[in-house]
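To keep things clear, I will list the structure first and then write my remarks on it.
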Amino acid sequence: MAKTLYDKLWQSHIVEQQDDGNCLIYIDRQIIHEVTSPQAFEGLRAAGRKLAHPDAMLAVPDHNVPTSADRATAVNAKDSQIQLDTLAENCAEFGVNYIPMLDARQGIVHIVGPEQGFTQPGMTIVCGDSHTSTHGAFGALAFGIGTSEVEHVMATQTLVLKRQKNMRIDVDGVVAAGITAKDIALAIIGEIGTAGGTGYVIEFTGSAIRDLSMEGRMTLCNMSIEAGARSGLVAPDQVTYDYVMGRPQAPKGAAFEQAVAYWNTLVTDDGSLYDKEIYLKAEDIAPQVTWGTSPENVLPITGVVPNPDDVRDAERKIAMQRALDYMGLDAGTKLQDVTIERVFIGSCTNGRIEDFRAVAEVVKGKRVHANVVAWAVPGSGLVKLQAEEEGLDQVLIDAGFDWREPGCSMCLAMNADKLGPHERCASTSNRNFEGRQGPKGRTHLMSPAMAAAAALTGHLTDIRSFEHG
Amino acid sequence: MDKFTKLSAVAAPLPMPNIDTDMIIPQKHLKTIKRTGLGKFSFSNIRYHDDGSEREDFVLNQTAYRNAEILVTGENFGCGSSREHAPWALKDFGIKCIIAPSFADIFYGNCFKNGILPIILPQAVIDLLLDDASRGANAIITVDLERQEISGPDGGKISFEVDPYRRHCLLNGLDDIGLTLEKKDVIQDFEAKKRLSQPWLFKD
Ligand code: SF4
């Protein structure tokens with residue numbers, strides 16, 4: 001019978017099918033960070049249990065690390081420091097491969113995994129972090145889990161799971177100039193909503209997806225969780241293999257060939273049935289920007305702030321008004337007239353080398369607007385090094401950007417990096433929830449090029465008109 | 001893990017849709033290495049004023065609902081992060097059961113692991129329960145997991161669905177790691193086969 005990519009990944013990891021429809025699923029890899037692992041280690045210790053496969057794990061601190069130049073000596077909040085120290089101690093005690101903060105390879109878990117070749121096609125990959133969906137870009141079944149499940153994987157290398165349904169989102173055609181994976185992701189969320197993918201694994205197909213680089217595919221799969229789907233998938237192809245080959249933890253030589261032969265089977269068979277299919281035309285996708293406090297509050301940059309009076313459902317009307325109040329926006333305002341004070345380039349969505357190239361291209365030889373404070377936070381130390389080799393750091397610094405050390409930073413404001421109350425930010429991250437980037441902070445999600453353009457003009461800006469004028 | 005069998009308690013109405021994990025527990029309170037003690041921070045952005053005083057308009061601050069153990073809420077509850085801090089905070093606050101038209105997947109699973117029962121019911125039924133809940137301390141709702149049945153304050157019965165495995169674990173307070181470890185042999189067999197077919201995956 002014809003099978004989807006998800007069906008193949010699922011079936012090849014079933015250890016045992018239980019009578020009640022749940023399955024015991026084998027987990028190939030687990031990545032851990034300092035925020036969601038301490039309680040799992042604590043649980044193991046309390047029960048006197050060991051790690052099933054320390055080798056199948058990788059640990060790196062990211063959420064809490066300082067991103068200032070003096071990070072080695074920077075005074076970190078005491079509770080942040082406790083989490084960082086606890087991760088180091090737990091990894092030493094349990095024998096987990098741990099990349100410390102001052103290591104050049106340190107960075108955001110979802111950037112480090114792929115960079116190290118830890119992420120490979122065909123695997124099941126978990127992490128106590130919802131954006132684990134990122135790794136689905138390699139044709140791996142990757143999803144975020146809670147800390148109890150982190151502990152379950154640590155102790156057993158398995159999880160008890162129920163099969164999800166298959167959804168296909170097909171984006172065919174060629175995107176217009178200036179349109180990126182981020183715009184595709186936001187357009188999809190605008191189309192299906194933040195709960196549209198709940199219960200599904202989304203496979204992204206179509207020529208516009210095939211045309212994306214690995215970085216772009218990661219951006220897209222990263223945002224699947226924002227559409228409600230725990231996992232996104234892109235079938236592996238030559239682009240994937242070229243990215244994986246030669247990475248420190250990737251198979252080498254004959255083993256790589258053997259792996260590729262297997263990876264080539266990881267495609268959806270012709271004639272497979274999906275439970276739901278969505279079609280988008282690449283040509284129709286305009287640069288996207290969010291106006292509210294949920295990623296589904298998204299519109300093309302040419303739009304205007306919507307009016308709650310146009311909404312019929314009472315609860316939705318209240319939610320929309322609440323979002324507008326929080327964001328300090330009036331219905332009918334042109335999105336391009338919204339002024340910003342902060343810019344954040346970074347996060348596991350858009351903190352990769354391509355993203356900094358895109359920003360550098362926009363800001364080269366120009367100056368950040370006088371009213372704007374702009375930050376660029378590489379997703380990992382290796383991204384930072386690469387950008388510096390290419391001279392991108394200097395382009396950004398000359399334009400007035402603050403070029404910082406790697407970490408999650410202002411994506412979720414767990415460390416000193418945060419928006420002040422009512423500060424408005426053009427952000428390349430993935431969530432615009434209330435308080436996400438700092439209490440009362442206001443987040444507009446968009447692509448790196450769009451955020452760069454906003455940094456220069458001081459207001460939300462259509463990258464298309466910007467580039468041509 | 002704590003058992004969940006039958007609960008009779010005050011239900012608080014919180015009809016807002018899309019209550020996300022950052023709203024349930026703001027990220028500044030995630031810097032703990034323990035599972036307990038987060039209750040005082042739950043919903044803090046909507047529960048307190050900037051000066052730390054309580055907001056009267058927040059339902060769980062109202063006298064009738066201070067001891068609520070059941071939340072009746074809107075669709076897509078718990079969307080956002082995978083962090084288990086959200087159910088830990090709710091549990092520490094005293095919430096044992098959440099009833100909504102839909103939940104975010106990860107949050108839904110996390111509830112069961114922490115002895116919280118999430119129940120999905122159609123919006124029309126939720127509307128009735130919200131109505132019951134709006135009567136505050138006068139409206140005790142009983143949730144019986146054994147019989148998969150909710151009894152309203154006026155004696156009306158509503159049945160609900162729940163995954164049998166999760167129900168079993170919750171009813172008996174079972175630690176599912178222990179249950180899985182009983183299957184060690186099957187897991188090892190699986191692994192041995194995998195080592196042969198995909199040797200590049202194994203480093204040890
Ligand atoms: S960058 Fe943001 S979304 Fe990504 S792992 Fe860090 S906090 Fe989570």
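None of these values were measured; they are calculated from a predicted model. Labels below follow one simple rule: chain letters A, B, ... track the order of the sequence lines, proteins then strands, and each chain is numbered from 1.
Between the side chain of A:Q39 and the main chain of B:T32, a donor-acceptor pair closer than 3.5 Å is present. Between the side chain of B:K31 and the main chain of A:N64, no donor-acceptor pair closer than 3.5 Å is present. Panel note: side chain B:S82, backbone A:S130; a donor-acceptor pair is recorded below 3.5 Å. In this structure, the side chain of A:Q157 does not engage the main chain of B:I187 through any donor-acceptor pair within 3.5 Å. When atom types are taken as modelled, the side chain of A:R230 and the backbone of B:I106 share no donor-acceptor pair closer than 3.5 angstrom.
Once rounded to the nearest 0.5 Å, the distance linking CG of B:D176 with CG of A:L159 reads 9.0 Å. Going from atom CG of B:L181 over to atom OG1 of A:T158 covers 8.0 Å, rounded to the nearest 0.5 Å. Taken from CZ in B:F202 to NE2 in A:H53, the straight-line distance is 6.0 Å, to the nearest 0.5 Å.
Of all the listed residues (B:D163, B:V186, B:L179, B:D189), the one sharing the greatest number of non-hydrogen pairs under 4.5 Å with chain A is B:D163. For chain B, the option among A:Q164, A:R29, A:H131, A:Q120 with the highest count of heavy-atom pairs below 4.5 Å is A:R29. Of the listed residues (B:P199, B:C79, B:S102, B:A86), the one with the most heavy-atom contacts under 4.5 Å to chain A is B:P199. Among the candidates B:S81, B:G109, B:P164, the residue making the largest number of heavy-atom pairs closer than 4.5 Å to chain A is B:S81. Contact count versus chain B (heavy atoms, under 4.5 Å) is highest, among A:T36, A:V150, A:L24, A:I225, for A:L24. With chain B as the partner, the residue from A:A195, A:A413, A:G21 showing the most heavy-atom pairs under 4.5 Å is A:A195. In terms of non-hydrogen atom pairs under 4.5 Å with chain A, the most contact-rich of B:K193, B:K184, B:E75 is B:E75. If you tally non-hydrogen atom pairs under 4.5 Å between each of A:I82, A:T132, A:I145 and chain B, the highest count goes to A:I145. Here B:R35 is the residue among B:R83, B:R35, B:M23, B:M16 with the most heavy-atom pairs under 4.5 Å with chain A. Ranked by heavy-atom pairs under 4.5 Å with chain B, the list A:G199, A:A255, A:C127 is led by A:G199.
Only the side chain of B:N18 comes within contact range of chain A, with heavy atoms under 4.5 Å apart. Only the side chain of A:E296 comes within contact range of chain B, with at least one heavy atom under 4.5 Å from a heavy atom of that chain. Only the side chain of A:V160 comes within contact range of chain B, with heavy atoms under 4.5 Å apart. With a 4.5 Å cut-off on non-hydrogen atoms, B:I19 does not touch chain A at all. Heavy atoms closer than 4.5 Å to chain B are found nowhere in A:P295, neither backbone nor side chain. When heavy atoms are compared at a cutoff of 4.5 Å, A:Q83 approaches chain B by way of both its backbone and its side chain. Heavy atoms closer than 4.5 Å to chain B are found in the side chain of A:T86, but not in its backbone. Contact of A:I14 with chain B is made through the backbone alone, with heavy-atom distances under 4.5 Å. Proximity to chain A (any heavy atom under 4.5 Å) is restricted, for B:H85, to the side chain, taken from C-beta onward. Of the two parts of A:K252, neither the backbone nor the side chain holds a non-hydrogen atom closer than 4.5 Å to a non-hydrogen atom of chain B. For A:M154, no part lies near chain B; criterion is any non-hydrogen pair under 4.5 Å. Of the two parts of A:H13, the backbone and the side chain both hold a non-hydrogen atom closer than 4.5 Å to a non-hydrogen atom of chain B. Interface remark: B:Y108 contributes no atoms to any contact with chain A (heavy atom separation under 4.5 Å). Using a 4.5 Å cut-off between heavy atoms, A:S37 does not touch chain B at all. Neither the backbone nor the side chain of B:P26 comes within less than 4.5 Å of any heavy atom in chain A. Contact of A:E34 with chain B is not made at all, since no heavy-atom distance falls under 4.5 Å. Using a 4.5 Å cut-off between heavy atoms, A:T198 contacts chain B through both its backbone and its side chain.
Counting non-hydrogen atoms of other residues, nucleotides and ligands closer than 6.0 Å to CZ of B:R66 gives a total above 12. Within 6.0 Å of atom CG in A:D19, 12 or fewer heavy atoms from other residues, nucleotides or ligands are found, so the atom counts as exposed in its surroundings.
Within residues 41-49 of chain A, the residues approaching chain B closer than 4.5 Å by heavy atoms are, in numerical order, A:E42, A:G43, A:R49.
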Side chain to side chain contact (heavy atoms under 4.5 Å, CB included) between A:E315 and B:Q123, worked out: CA-CA 12 Å; A:E315 285 304 328; B:Q123 186 67 51; over 6 Å; no
Worked verdict on A:R431 versus B:D22 for salt bridge (charged side-chain N to carboxylate O under 4.0 Å, His left out): CA-CA 10 Å; A:R431 287 194 175 136; B:D22 286 355; 6.0 Å; no
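Ionic pairing of A:R436 and B:D20 is not present here: no N-O contact between side-chain nitrogen and carboxylate oxygen is shorter than 4.0 angstrom. In this structure, B:D50 pairs ionically with A:K440, as a charged nitrogen and a carboxylate oxygen lie closer than 4.0 Å.
Contact annotation: the side chain of A:M414 approaches that of B:L30 to within less than 4.5 Å [non-hydrogen atoms, C-beta and beyond]. Counting heavy atoms from C-beta outward, B:R166 and A:N22 have side chains that stay 4.5 Å or more apart. At least one side-chain heavy atom of A:T147 sits under 4.5 Å from a side-chain heavy atom of B:W88. By the 4.5 Å heavy-atom criterion applied to side chains, B:K28 and A:K418 are not counted as neighbours.
Judged by distance alone, the side chains of B:Q27 and A:H63 never bring a donor and an acceptor atom under 3.5 Å apart.
The minimum heavy-atom distance linking B:D105 with A:G228 is given by the pair OD2-O, 4.4 Å. The shortest non-hydrogen separation linking B:T180 to A:H152 is OG1-NE2, 2.8 Å.
The aromatic rings of B:W200 and A:W263 stand perpendicular to each other, their planes meeting at an angle above 60°, with 30° marking the opposite boundary.
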